[in-house]
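Here the structure comes first, spelled out in structure tokens, and everything after it is commentary.
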Amino acid sequence: FVYLSPEIGGQIALVEAAANIVASGAEPLAITDCLNYGDPNDPEIFWELHQSVKGMADACRVFDTPVISGNVSLYNENNGKAIHPTPMVGMVGLVKNIDRVIPSFAQHAGDKVYLVGKTGDDFAGSELQKMMTGDISGVLNPLDMEHVHDYMQRLLNEMQAGNVASAHDLSEGGLGVGLAENLFKTDLGMNVDLHDLSAAQLFSETPGRFVVTVPAEKVAEFEKNMGDDAKLIGEVTNSHWLEAHLADAEINQNVTELQKLWEEAIPCQLKSKD
């Protein structure tokens, strides 16, 4: 992301870290960073460094997360070519009530499934693009950090009020992968209605989104406080199957098989002759 659009990519690095913190039911507090880039004497590399740090700094101001420490690693190359600019963000957060730590896996059949945040056509730099083309290209869509921060804060309030059973932030692989991961290590499944999304958009990587499950008795309060930023998309089931009904496709996959593919992905890559 930073290679394609350094300033927006820097913002996404911060938003992704905040989403991880919020998904656990914690309040983002501060960050440390490690900035990994090529040779800053190259004007293009220096521009990448400058723009991405600007993006991170702007996001830190919005999320009120000061940079309390950090380091840089420059002149990084592979076979004489600069690495992709890679700012790493470590964020610390505060859990105010240990009884309100939010699991990352679905908890109960009958809980309602919500998508928090809107899904756009965000494929530049995505896992889908890399898988389909073998490369990354394009530019990133602008990120409305103020809006993302606003609904993240409201989601955190709902968590602290006991209205959220589980939460999983969406990153690599988008909603499709997030739904599956939300079911791993459980005996549960999901039936979701995504008729407003295409099969491709299932793997769009729009930043700042979450899949959350909400107990039926908490739905009214959750919807009132989240408004249009949370969309009811389905229900947790006892089936151990992930069923998704899309605008142009139907998906029905056994969760055990999905988890097996997910767990064996790295060993499979390591054994690949490519």
Side-chain angles (χ1 to χ4, degrees), residues 1 4-5 8 12 15-16 19 23 105-106 109-144 147-148 151 166-184 186 188-214 219 223 226-265 268:
F1 293 147
L4 295 179
S5 302
I8 299 174
I12 291 175
V15 169
E16 166 68 10
F105 303 107
D111 286 355
K112 304 301 180 182
V113 182
Y114 287 83
L115 172 61
V116 176
K118 299 294 191 295
T119 301
D121 293 322
D122 293 282
F123 300 108
S126 68
E127 293 298 314
L128 182 65
Q129 183 187 60
K130 285 184 281 186
M131 183 182 74
M132 298 295 289
T133 70
D135 199 5
I136 60 171
S137 61
V139 295
L140 306 185
N141 292 320
L143 181 61
D144 187 344
H147 182 209
V148 172
Y151 69 67
S166 74
H168 198 297
D169 67 293
L170 303 182
S171 54
E172 295 92 347
L175 177 59
V177 172
L179 287 169
E181 290 178 338
N182 190 250
L183 297 169
F184 293 165
T186 77
L188 301 170
M190 282 182 184
N191 190 333
V192 295
D193 182 353
L194 299 167
H195 280 113
D196 57 337
L197 298 181
S198 66
Q201 287 175 316
L202 188 63
F203 303 99
S204 169
E205 295 186 8
T206 306
R209 295 176 300 153
F210 303 80
V211 168
V212 303
T213 60
V214 177
V219 161
E223 290 186 348
M226 292 303 300
D228 292 339
D229 292 308
K231 177 180 174 60
L232 176 64
I233 60 173
E235 184 171 307
V236 180
T237 68
N238 279 318
S239 68
H240 209 49
W241 286 75
L242 175 58
E243 301 177 55
H245 312 282
L246 297 146
D248 55 356
E250 297 286 326
I251 293 175
N252 194 7
Q253 293 287 329
N254 182 273
V255 175
T256 300
E257 180 62 23
L258 291 175
Q259 184 171 341
K260 181 174 183 290
L261 292 169
W262 182 80
E263 290 175 340
E264 294 179 356
C268 180

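Along the sequence shown, the residues carry numbers beginning at 1. Note that the coordinates shown come from a computational prediction; the quantities given were computed from them, not determined experimentally.
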CZ/Phe105 to OG1/Thr186 distance, rounded to the nearest 0.5 angstrom?
8.5 Å

State whether the side chain of Asn141 and the backbone N or O of Asp121 hold a donor-acceptor pair below 3.5 Å, judged by distance alone.
yes

To the nearest 0.5 Å, tell me how far Ser171 OG sits from Glu181 CD.
7.0 Å

Between Asp193 and His195, is there a donor-acceptor pair closer than 3.5 Å when you use the side chain of the first and the backbone of the second?
yes

Taking Glu205 for the side chain and Gly173 for the main chain, is one N or O donor matched with an acceptor at less than 3.5 Å?
yes

Quick one: pull up CG in Leu188 and CD in Glu235 and give me the separation to the nearest 0.5 Å.
11.5 Å

Checking side chain to side chain contact (heavy atoms under 4.5 Å, CB included) against Lys112, which of Thr213, Val219, Val212 comes through?
Val219

Shortest non-hydrogen separation from Leu128 to Ala200 and the atoms involved
CD2-O, 4.0 Å

Minimum heavy-atom distance between Ser166 and Ala106, given as atom pair plus value:
OG-CA, 3.6 Å

Taking Ser137's backbone N and O only, do any of them form a donor-acceptor pair with Gln129's side chain (distance below 3.5 Å, no angle check)?
yes

Judged by atom type as modelled, is there a donor-acceptor pair below 3.5 Å linking the side chain of Ser204 to the main-chain atoms of Gln201?
no

Tightest non-hydrogen contact, residues Ala109 and Asn238, listed as CB-OD1, 3.3 Å

Any chance you could measure Thr237, atom OG1, to Asn191, atom CG, to the nearest 0.5 Å?
7.0 Å

Stepwise side chain to side chain contact (heavy atoms under 4.5 Å, CB included) check, Ile136 with Phe1:
CA-CA 9 Å; Ile136 60 171; Phe1 293 147; over 6 Å; no

Taking side-chain contact (heavy atoms from CB on, under 4.5 Å) as the definition, give me every residue that meets it alongside Asp248, ordered by chain and number, with sequence neighbours left out.
Ser198, Ala199, Leu246

Salt bridge (charged side-chain N to carboxylate O under 4.0 Å, His left out) evaluation trace for Glu127 with Lys130:
CA-CA 5 Å; Glu127 293 298 314; Lys130 285 184 281 186; 3.0 Å; yes

Would a 4.5 Å heavy-atom cut-off, applied to side chains only, mark Pro207 and Val148 as touching?
no

Could I get the full list of side-chain contact (heavy atoms from CB on, under 4.5 Å) partners for Asn252, not counting sequence neighbours?
Trp241, Glu243

Lys118 side chain vs Asp228 backbone, donor-acceptor pair below 3.5 Å:
yes

Between Asp122 and Leu140, does a side chain to side chain contact (heavy atoms under 4.5 Å, CB included) hold up when you go through it step by step?
CA-CA 7 Å; Asp122 293 282; Leu140 306 185; over 6 Å; no

dist Glu223:CD -> Tyr114:OH (nearest 0.5 Å) comes out at 3.5 Å

When you compare the side chains of Thr206 and Thr119, does any donor N or O come within less than 3.5 Å of an acceptor on the partner?
no

Is there a side chain to side chain contact (heavy atoms under 4.5 Å, CB included) between Met190 and Ile233? Walk through the geometry before answering.
CA-CA 10 Å; Met190 282 182 184; Ile233 60 173; over 6 Å; no

How far does NE2 of His240 sit from CG of Leu183, to the nearest 0.5 angstrom?
8.0 Å

Against Leu170, only a single residue in Val177, Leu179, Leu115, Val116 fulfils side chain to side chain contact (heavy atoms under 4.5 Å, CB included); can you say which?
Leu115

Give the minimum heavy-atom separation between Ser239 and Gly189, together with the two atoms involved.
OG-CA, 4.2 Å

Can you find a side-chain donor-acceptor pair between Gln253 and Glu257 that sits under 3.5 Å?
no

